[in-house]
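Here the structure is laid out as structure tokens; the discussion comes afterwards.
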Amino acid sequence: MLAELAVHPDGLSLPRLRKRLDVRMSLLMRTLAWLGEDSIGGVQGAGLVRLEQRGGAETVQLTDHGLAEAGRTQRSS
């Protein structure tokens, strides 16, 4: 997911990201919750992605921390 978002610096809509990753929307949303900036059940999210409303659609993009992590992951592959 991080690698896919890294090549789209302006982010991707949720439906487009779901299609590119070929996963169900429920799985995508759960994953984004853990990778996001909010806390869940008292556990702080990883802060790698941010959800934003743009023109009536939710868009996902990497945070600065997520972009650095995606670069580190790509270099080690």
Side-chain angles (χ1 to χ4, degrees):
M1 181 182 300
L2 298 181
E4 186 64 39
L5 289 170
V7 296
H8 299 280
D10 293 331
L12 287 171
S13 69
L14 287 176
R16 184 163 288 166
L17 181 59
R18 187 210 64 77
K19 187 173 182 177
R20 287 181 182 267
L21 297 176
D22 192 28
V23 296
R24 292 175 35 183
M25 186 62 83
S26 59
L27 175 61
L28 177 63
M29 295 305 292
R30 286 192 306 268
T31 304
L32 290 172
W34 286 108
L35 294 177
E37 298 174 305
D38 296 332
S39 64
I40 300 171
V43 177
Q44 185 62 41
L48 300 174
V49 298
R50 175 179 304 120
L51 289 168
E52 297 180 351
Q53 282 290 116
R54 289 192 198 154
E58 265 195 304
T59 302
V60 183
Q61 72 181 105
L62 290 175
T63 62
D64 290 339
H65 178 59
L67 191 56
E69 188 65 32
R72 188 169 69 192
T73 303
Q74 287 176 346
R75 284 191 301 269
S76 67
S77 298

Are [X] and [Y] linked, directly or through other ILVMFWY residues, by side chains that come within less than 4.5 angstrom of each other?
X: Met29; Y: Leu2; value: yes
X: Leu14; Y: Trp34; value: no
X: Val49; Y: Ile40; value: no

Nearest 0.5 Å please: distance from the CG atom of Leu17 over to the CE atom of Met1.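 Between Leu17 CG and Met1 CE, I get 5.5 Å after rounding to 0.5 Å.
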CG of Leu32 to CG of Leu5, rounded to nearest 0.5 Å, is 8.0 Å
Below 3.5 Å, can you tabulate the donor-acceptor pairs from side chains in residues 53-67 to any protein atom, sequence neighbours excluded?
{"residue": "Arg54", "atom": "NE", "partner": "Glu52", "partner atom": "OE1", "Å": "3.3"}
{"residue": "Arg54", "atom": "NH1", "partner": "Asp10", "partner atom": "O", "Å": "2.5"}
{"residue": "Arg54", "atom": "NH2", "partner": "Asp10", "partner atom": "O", "Å": "3.3"}
{"residue": "Arg54", "atom": "NH2", "partner": "Glu52", "partner atom": "OE1", "Å": "3.0"}
{"residue": "Arg54", "atom": "NH2", "partner": "Gln61", "partner atom": "OE1", "Å": "2.3"}
{"residue": "Thr63", "atom": "OG1", "partner": "Gly47", "partner atom": "O", "Å": "2.6"}
{"residue": "Thr63", "atom": "OG1", "partner": "Leu48", "partner atom": "O", "Å": "3.3"}
{"residue": "Thr63", "atom": "OG1", "partner": "His65", "partner atom": "N", "Å": "3.4"}
{"residue": "Thr63", "atom": "OG1", "partner": "Gly66", "partner atom": "N", "Å": "3.0"}

Within a 6.0 Å radius of atom CZ on Arg50, are there more than 12 heavy atoms belonging to other residues, nucleotides or ligands?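 Check passes, neighbour count above 12.
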Taking Glu4 as the fixed residue, which of Lys19, Arg16, Arg20 is the one that meets the salt bridge (charged side-chain N to carboxylate O under 4.0 Å, His left out) rule?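 Exactly one candidate clears the test, Arg20.
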